[in-house]
K.L.:
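First the structure, then my questions, so here it is.
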Amino acid sequence: MITRVDPQRCTGCGTCQEVCPLDVLRLDGKEKKAVIRYPEDCQTCFVCELECPAGAITVGPFRKERPRIMD
Amino acid sequence: MDDIVHCDLLVIGSGFAGLWAAIAARDGGLEKVAIVDKGAVGLSSMSRMSAGATVYCLPRFDPERWMKAFIRAQGYLSRQDMLEEIIGTSHSRLRSLEAWGVEYQRNPLTRSYLTLPSRGLDHVRMMVLPRWRDRTGGTAVVSALLAQVRKRGIARYGKIIIAGLLCGGGRVCGAVGIDRLTGKPVTFRARAVILAAADCSFRGHYACVEGVTGDAFKLAYDAGVRLSNMEFLAVNTGPPRYGFEGTGIAARCGARFLDGSGKAFMRAHHAGGDKAEICYLVQAMADAAEGGSGPPFYLDMSRLPGRWIIRKALLSIGGWMPLNIAKLREMGEDIFTSPQEWGPAVQSLRGGVRAGADCMSDLPGLFAAGTSLSVDPGLFNGWSSMLAMWSGEKAGREAARFVRDSGDTVIERENVERMRKDVLAPSRPGAGTTPDVVCRRLQEAVFPYLICILKREDRLQAALQEVERIRDEDVPSLRAPVPHELVKAHETVGMVLAAELFLRASLERRESRGDHLRQDHPRRDNAHWLQWVNLSKGGGGEPRVELERVPLSRYPMQPAPGGE
Ligand SMILES: Cc1cc2nc3c(=O)[nH]c(=O)nc-3n(C[C@H](O)[C@H](O)[C@H](O)COP(=O)(O)OP(=O)(O)OC[C@H]3O[C@@H](n4cnc5c(N)ncnc54)[C@H](O)[C@@H]3O)c2cc1C
Ligand code: SF4
Ligand code: SF4
């Protein structure tokens with residue numbers, strides 16, 4: 001799951017907002033910094049972290065639970 | 001209506017299929033080609049997350065043997081007309097990619113391509129680890145294609161989800177979407193449309209498939225075209241707690257699946273053992289669950305030989321895997337040294353649009369490519385990418401021809417206004433059900449292994465009843481106060497339809513074949529079931545079912561008489 005956007009590093013370039021397949025990240029209107037708006041929708045694909053030119057994003061490797069196929 | 005985007009061809013989706021389609025259409029002479037994607041163009045696709053392992057039939061391989069392997073593995077339900085062309089032309093696509101700067105892994109000494117066997121397909125080998133500049137895996141291939149798209153000046157519209165197709169005069173004439181950031185509708189007028197918007201994973205367990213929500217199926221179904229092979233749901237395997245790609249390679253190289261008591265169990269279930277096709281692996285897990293020896297199941301990769309290619313293949317996959325593995329290690333999880341919990345993971349519904357050999361659907365001007373198109377029912381390593389690239393190129397070229405040979409389209413204002421209103425409907429005020437709640441209910445109906453792996457009529461009927469209830473009660477009450485939720489509402493509706501079609505087609509096919517395993521009809525029945533189950537929108541809101549004989553007498557390969 002995405003865990004952090006470092007506001008100190010974020011330049012507000014908007015790349016993460018553009019590339020996140022699940023629309024988790026948005027640029028904050030006033031500050032023009034990226035914020036994790038919909039964390040519960042993160043699929044842990046690392047795309048935002050890989051594409052962020054400022055190295056401002058951290059994604060942890062563990063994913064949210066889905067209903068299991070077998071209990 | 002001056003806020004309309006006008007184009008010759010609209011390509012919906014920008015994975016391998018959509019990007020390749022746009023390039024081929026532009027090279028086929030179309031001036032105005034536009035790509036639209038609900039993520040970033042190219043960079044949010046499943047293709048981008050993929051390992052990029054791809055089967056190319058190099059001159060040193062025997063295409064006939066490949067055909068045989070594929071067709072047998074696909075239970076003779078393949079579109080052999082398409083398959084012959086896919087295999088026969090695959091080398092030319094490799095040459096195009098190389099001309100565009102993509103390099104596949106080669107043996108450092110001999111410089112010959114490094115190839116790995118594709119699981120479950122005799123003789124078939126795939127090429128691995130594509131690179132383009134500093135990028136690896138599917139990301140490398142997508143980035144190279146995107147560079148060609150840019151070079152050709154193809155228009156790109158990201159962050160717009162297409163929610164309806166415009167039809168008129170007996171053909172497709174455009175589409176209506178929603179801007180994900182503003183929630184505003186966007187209209188496209190086009191003389192042809194290519195659906196390359198993937199299939200449906202039901203936001204499943206496999207890595208990176210949560211955005212794959214059956215949108216293409218819904219768009220095609222509402223436009224009145226037939227969908228085929230919807231009973232085949234590919235359930236792969238993976239760890240429940242994190243994403244992993246490369247189980248097939250690991251199993252090929254000596255990793256073992258263990259049951260709840262720590263015993264290797266695959267041998268007892270299938271002659272292929274741990275290297276068996278994915279569907280048999282998953283079915284063995286279901287059998288073990290019935291017998292009480294799992295879950296949990298485990299994958300033990302501790303015996304993998306330390307040869308560089310295996311480590312490298314596992315670690316370099318898809319661009320995101322190295323980061324994933326490094327982060328797991330940082331958190332104290334060295335997944336290569338101790339058995340890891342592993343289990344079935346829903347990946348994708350293998351059905352898709354039933355199209356002619358030119359990739360055009362029943363509706364003139366509407367083409368399908370990639371995983372939105374139905375070519376065959378099974379999922380094999382390296383095969384999806386090849387299929388996506390072939391069908392993208394084919395659909396792009398054929399769409400260019402269609403546009404050249406057919407007149408202009410007209411879209412009617414009333415039609416557009418109605419659709420714009422329809423797509424915004426879930427955002428009307430008032431209390432209702434959230435897309436997350438509906439999605440969860442749907443997953444609970446479809447995901448149990450006694451529905452999605454081991455099927456039986458009574459259970460399928462009960463699941464269908466619940467999905468119909470969701471369709472009739474939950475869907476009309478979907479509420480989406482913000483654009484983010486509005487998009488999810490449309491995705492949910494796509495998944496509900498996909499689930500209904502999956503269950504109906506599963507009930508219809510009264511035999512077992514590949515991923516489709518019926519406990520009440522456990523044998524393959526070639527006498528009756530060398531047929532496709534086609535579904536389309538019928539009167540009264542229920543899907544119409546049609547059985548279509550596989551035209552084996554016109555195809556190069558037939559099953560042995562009386563054989564399986
Ligand atoms: C983790 C992973 C690894 C894989 N590894 C391999 C591999 O090594 N080899 C192999 O052959 N296959 C692999 N696959 C499968 C393969 O990646 C896919 O089958 C293939 O990439 C599909 O390509 P596509 O163009 O059909 O779809 P996609 O690449 O999924 O592209 C579809 C695009 O359509 C867009 N879209 C969807 N709906 C809409 C809508 N309503 N409006 C606008 N846009 C929309 C999506 O955002 C997406 O960008 C892998 C899959 C995964 C998930
Ligand atoms: S990509 Fe990085 S720098 Fe750009 S807006 Fe996002 S977090 Fe900020
Ligand atoms: S990891 Fe993937 S889904 Fe999660 S925020 Fe980043 S890009 Fe979006």
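Reminder, nothing fancy here: chain letters follow the sequence lines and each chain counts from 1. Hydrogens, waters and symmetry mates play no part in the numbers below; they use all other heavy atoms, side chains included. Model, not experiment: these values are computed from the prediction.
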K.L.:
Do Leu50(A) and Arg48(B) pass the side-chain contact (heavy atoms from CB on, under 4.5 Å) test, and can you show the C-alpha distance, the side-chain angles, and the key distance before you say yes or no?
P.N.:
CA-CA 12 Å; Leu50(A) 289 163; Arg48(B) 186 252 154 96; 4.3 Å; yes
K.L.:
Taking every heavy-atom pair that is under 4.5 Å apart, which of Glu51(A), Arg66(A), Arg63(A) has the most such pairs with chain B?
P.N.:
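Between Glu51(A), Arg66(A), Arg63(A), the count favours Arg63(A).
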K.L.:
Shorter than 4.5 Å, heavy atoms on both sides: which option in Glu40(A), Arg26(A), Arg37(A) has the most such pairs with chain B?
P.N.:
Arg26(A)
K.L.:
A side-chain contact here means heavy atoms from C-beta on lying under 4.5 Å apart; do His205(B) and Glu65(A) qualify?
P.N.:
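Answer no - side chains too far apart.
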K.L.:
CZ/Arg203(B) to CG/Asp41(A) distance, rounded to the nearest 0.5 angstrom?
P.N.:
7.0 Å
K.L.:
Is any side-chain heavy atom of Tyr38(A) less than 4.5 Å from a side-chain heavy atom of Val482(B)?
P.N.:
yes
K.L.:
State, yes or no, whether a side-chain contact exists between Lys327(B) and Thr58(A) at a heavy-atom distance under 4.5 Å.
P.N.:
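Yes. Closest side-chain heavy atoms under 4.5 Å.
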K.L.:
Looking at every non-hydrogen atom in both residues, tell me the closest pair between Gln43(A) and Gly211(B) and how far apart they are.
P.N.:
OE1-N, 4.3 Å
K.L.:
State, yes or no, whether a side-chain contact exists between Asp23(A) and Leu181(B) at a heavy-atom distance under 4.5 Å.
P.N.:
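Asp23(A) reaches Leu181(B) side chain to side chain.
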K.L.:
Within the structure provided, determine whether Ile69(A) and Met285(B) are in side-chain contact (heavy-atom separation under 4.5 Å).
P.N.:
no
K.L.:
Going by ring-ring contact (aromatic ring centres under 6.0 Å, His included), name the residues that satisfy it together with Tyr298(B), two or more places apart in sequence or in a different chain.
P.N.:
none
K.L.:
Determine whether more than 12 heavy atoms belonging to other residues, nucleotides or ligands lie under 6.0 Å from atom CD of Glu31(A).
P.N.:
no
K.L.:
Could you tell me how the ring of Tyr242(B) sits relative to the ring of Phe62(A): parallel (under 30°), tilted (30 to 60°) or perpendicular (over 60°)?
P.N.:
perpendicular
K.L.:
Just how far is it from atom SG of Cys20(A) to atom CG of Leu43(B), taken to the nearest 0.5 Å?
P.N.:
12.5 Å
K.L.:
Between Val346(B) and chain A, with a heavy-atom cut-off of 4.5 Å, which part of the residue counts as in contact: side chain, backbone, both or neither?
P.N.:
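When you check distances to chain A, atoms from both the backbone and side chain of Val346(B) fall under 4.5 Å.
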K.L.:
Can you find a pair of side-chain heavy atoms, one from Val47(A) and one from Trp320(B), that are under 4.5 Å apart?
P.N.:
no
K.L.:
Just verifying a value: how many Å separate Asn324(B) CG and Glu49(A) CD, rounded to the nearest 0.5 Å?
P.N.:
10.5 Å
K.L.:
Please report the closest heavy-atom contact between Phe447(B) and Arg68(A), naming both atoms and the distance.
P.N.:
CB-O, 4.3 Å
K.L.:
Got Arg180(B) and Gln17(A) here, is their nearest side-chain heavy-atom distance under 4.5 Å?
P.N.:
no
K.L.:
State, yes or no, whether a side-chain contact exists between Lys64(A) and Glu210(B) at a heavy-atom distance under 4.5 Å.
P.N.:
yes
